[in-house]
Amino acid sequence: AISDHADTVAVDAGICGGCGSCHAVCPTGSVSYQYPIQNDLIAQLQSLAARYRDAGGQNPVLLLHDPSFGSDMIAAMARFGRGLPANIIPYALHAVTSVGHVEIAALIASGWTQVLVVANPQLEEELSGIRSEIELANSIFNALGLSQAPRCQLICEADPDKAEQIIWSNPAQQSSIHDAFDPVGSKRDIGRMAFARLHEHSTDKPDTIELPHVSPYGRVEIDQTACTLCMACTSACPANAIVDTPGEPRLRFVENACVQCGLCVSTCPESALTLQPRLNFTPAAMQPITLYEEEPFNCIVCDTPFATRSTIER
């Protein structure tokens, strides 16, 4: 349903099945789900957790499901089995595959101890996106020391008895994180606010944590002995994470903007760039840093800078 049209993409509404996987995995939020929109969904679930705690509930677990398969599964467990534990609160979404690591992180930061996702195994081909998003979210929680067991889990079972067994055997977790926030701004803004709150509750409070390969956060490493400051990477970067300095042979980088797409790596003619997936919690991630700079070479006739000295010497 999504096709490439030069500098833009088009979505064929007649083919789109509304699974929302594109929203979940898009690193910038350029494509977003509208039913409901991300900001409203997080705000609603934050309010739900707050009302549960106000009523005396403890250690709430959110169970996301769709209105058809998930609702029938829960009804079957209630009719023929033990049903759901008292602290598990079901919440229906049009498509659970629209949930990504940003929503999961925001929910854990808002007081939910766990997020369980019930998915239809007949739609296995649509679940690769949410599997990778859950893996990314759990890796962040683990690196911050905030989980004894996975905070988010995908339950993909057609048998209600097996699904019920997974839910009841799921290790109970406690959480003292009740740090709800106003989910405004872009997808990356909301993610950074959620990560900051999780970081505040981390025991070690690391400045950076390593992330799995193909994560949407990280930095670019540069081999200064190979780079010629041709600036090809600045033209390829779609997120303006790598920028040049007009009039100066200087390459700058803003880590918070980098989505680890790898276009700069594949474009670099000198193979001087590599990706380093990580999450940087320091304010430096928001500021441009100099990756590499050189002394300019001035024309021997008019004294106008037009290249780097190393390039001329080569």
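Values reported hereafter were calculated over all heavy atoms of this structure, with side chains retained and with hydrogens, waters and symmetry mates removed.
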Worksheet item: Just by modelled atom types, is the G29 backbone N or O under 3.5 Å from a matching donor or acceptor in the S32 side chain?
Response: no

Worksheet entry | D4: partners by salt bridge (charged side-chain N to carboxylate O under 4.0 Å, His left out), with sequence neighbours left out | none

Discussion item. Less than 3.5 Å apart, any donor N or O on the side chain of T274 or Q276 sitting next to an acceptor on the other?
Written reply: no

Worksheet entry | CD1-NE2 distance between I140 and H199, expressed to the nearest 0.5 angstrom | 12.0 Å

Fill in: Residues D189 and R192 bridged, charged N to O under 4.0 Å
no

Fill in: Any side-chain heavy-atom pair of N87 and Q114 under 4.5 Å
no

Discussion item. Run the side-chain hydrogen bond (donor to acceptor under 3.5 Å, both in side chains) test against T28 and tell me which residues pass, sequence neighbours left out.
Written reply: S30

Worksheet entry | Side chains of T208 and N280, donor plus acceptor under 3.5 Å | no

Worksheet item: About how many Å separate CD of Q224 and CG of L251, when rounded to the nearest 0.5 Å?
Response: 10.0 Å

Discussion item. As an exercise, state the distance from OG1 of T282 to CD of Q287, rounded to the nearest 0.5 Å.
Written reply: 10.0 Å

Practice prompt. Report yes or no: does R188 contribute a side-chain atom to a donor-acceptor pair with the main-chain N or O of P27 at less than 3.5 Å?
Written response: yes

Worksheet item: Any side-chain heavy-atom pair from R151 and W112 closer than 4.5 angstrom?
Response: no

Worksheet entry | H65 vs S71 side-chain heavy atoms within contact, under 4.5 Å | yes

Practice prompt. Report yes if the side chains of V99 and I104 come closer than 4.5 Å at any heavy-atom pair, otherwise no.
Written response: yes

Discussion item. Please tell me whether I42 and V96 are part of a single hydrophobic cluster in this structure, the criterion being side-chain heavy atoms less than 4.5 Å apart.
Written reply: yes

Worksheet entry | Gap between atom NE2 of H23 and atom CD1 of I37 - 0.5 Å precision | 10.0 Å

Worksheet item: Say you draw a straight line from OG1 of T97 to CD of E133; how long is it, rounded to the nearest 0.5 Å?
Response: 11.5 Å

Worksheet item: Does the side chain of S202 pick up a donor-acceptor pair with the side chain of D204 at under 3.5 Å?
Response: no

Worksheet item: Donor-acceptor pair, Q44 side chain versus L41 backbone, under 3.5 Å?
Response: no

Worksheet item: Looking at residues at least two apart in the chain, or sitting in another chain, which of them share a salt bridge (charged side-chain N to carboxylate O under 4.0 Å, His left out) with E200?
Response: none

Discussion item. Are V117 and F69 linked, directly or through intermediate hydrophobic residues, by side-chain heavy-atom contacts shorter than 4.5 Å (ILVMFWY only)?
Written reply: no

Worksheet item: Counting distance only, does the side-chain N/O of T267 pair as donor-acceptor with the main-chain N or O of C264 below 3.5 Å?
Response: no

Fill in: Hphob cluster co-occupancy, V25 + L136, side-chain heavy atoms under 4.5 angstrom
no

Discussion item. For the CD1 atom of I155 and the CD1 atom of I166, what is their distance to the nearest 0.5 Å?
Written reply: 6.0 Å

Discussion item. Can a donor-acceptor pair be found, under 3.5 Å and without considering hydrogens, that links the side chain of N138 to the backbone of C152?
Written reply: yes

Worksheet item: Using 30° and 60° as the class limits, which term best fits the ring planes of H101 and Y217: parallel, tilted or perpendicular?
Response: perpendicular

